[in-house]
Amino acid sequence: DGKELKDATRLVQKYNRIIAYLDGDEELMVKMLKRIEDYKMLEVKYYELKEFPEKKDFILKQIKILNTNKRFNFFERLIEGNENEEKHFLRRAEMNRNIEKDYEKYRILSKSSKDKIISSIVNNPQYIKAKKILGEGMVLMCEKWATQPSYSGYSQDRKDDMLQDSCLSMLKGVEGFDCDRGSSIFAYFTE
């Protein structure tokens, strides 16, 4: 169910981040550092907007220029006065500050300490179970989505390829899901 899948996602995200902090997943670490920098920039704009509300149109224009790939749609809605987006933004900004602190804490460890921690995480039964639940949920979502009439004309081989591509995309996007937000994990992955 959705709650079980969210809980598994939260646990997988936590351990994946620690592995990344310990130099075990460079791609994820690059994504997290990029997001941290994005949020620092957005926080500057947010506090500028709070201090100078008359600059709203100018700040919105700046964000729209930066938002070519739609990453900052939520911030545009925040500028337009969406209180829900503002609340979520402030929580995510705090979360990113905590991620940055954790990264600094783990970064200074010795190579042998990092390897030992990674090994203990990879062999952790809770992590293994959470990854299994998350993986099964992703496959079920993809299989369910593939039953739509728009996919009826595809061969089973093509559907299998699309299923694999979808699962890979979901795995790469799992870090972006906000487990503490009220949104559905199914809606997030379907999108």
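Starting from 1, each residue takes its place in the sequence as its number. Predicted model, so just to flag it, every value in this text is computed and none were measured.
- More than 12 heavy atoms of other shown residues, nucleotides or ligands fall within 6.0 angstrom of atom CD in Glu54.
- Within the 4.5 Å cutoff, the side chain of Lys105 has no heavy atoms near those of the Lys101 side chain.
- Proximity of Phe72 to Lys64: side-chain heavy atoms (C-beta onward) are nowhere separated by under 4.5 Å.
- Using a 4.5 Å cut-off on side-chain heavy atoms (C-beta onward), Tyr106 and Lys114 make no contact.
- Side-chain contact, Glu175 with Asn16: no donor N or O sits under 3.5 Å from an acceptor N or O.
- The environment of Glu104 atom CD is dense: over 12 non-hydrogen atoms of other residues, nucleotides or ligands sit within 6.0 angstrom.
- With salt bridges taken as basic N to acidic carboxylate O contacts below 4.0 Å, none links Glu94 and Arg91.
- With 3.5 Å as the limit, one finds no donor-acceptor pair spanning the side chains of Asn82 and Glu86.
- Aromatic ring pairs are classed by plane angle as parallel below 30°, tilted from 30° to 60° and perpendicular above 60°; the pair Phe74 and Tyr39 is parallel.
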Q.
Run Lys132 and Glu136 through salt bridge (charged side-chain N to carboxylate O under 4.0 Å, His left out) and show every step you take.
A. CA-CA 6 Å; Lys132 184 176 189 256; Glu136 288 172 354; 3.2 Å; yes

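- The pair Asp38-Arg35 does not meet the salt-bridge criterion, since no charged nitrogen lies less than 4.0 angstrom from a carboxylate oxygen.
- Exactly one of Met32, Lys40, Met95 qualifies for a side chain to side chain contact (heavy atoms under 4.5 Å, CB included) with Glu100. That residue is Lys40.
- In this structure the side chain of Lys87 never reaches within 4.5 angstrom of the side chain of Glu83, judged on heavy atoms.
- Ring-plane geometry between Tyr46 and Phe89 is classed as tilted, the angle between the planes lying from 30 to 60 degrees on a 0 to 90 degree scale.
- Using a 4.5 Å cut-off on side-chain heavy atoms (C-beta onward), Ile59 and Gln62 make contact.
- With contacts defined as side-chain heavy-atom distances shorter than 4.5 Å, the pair Lys131/Tyr15 does not qualify.
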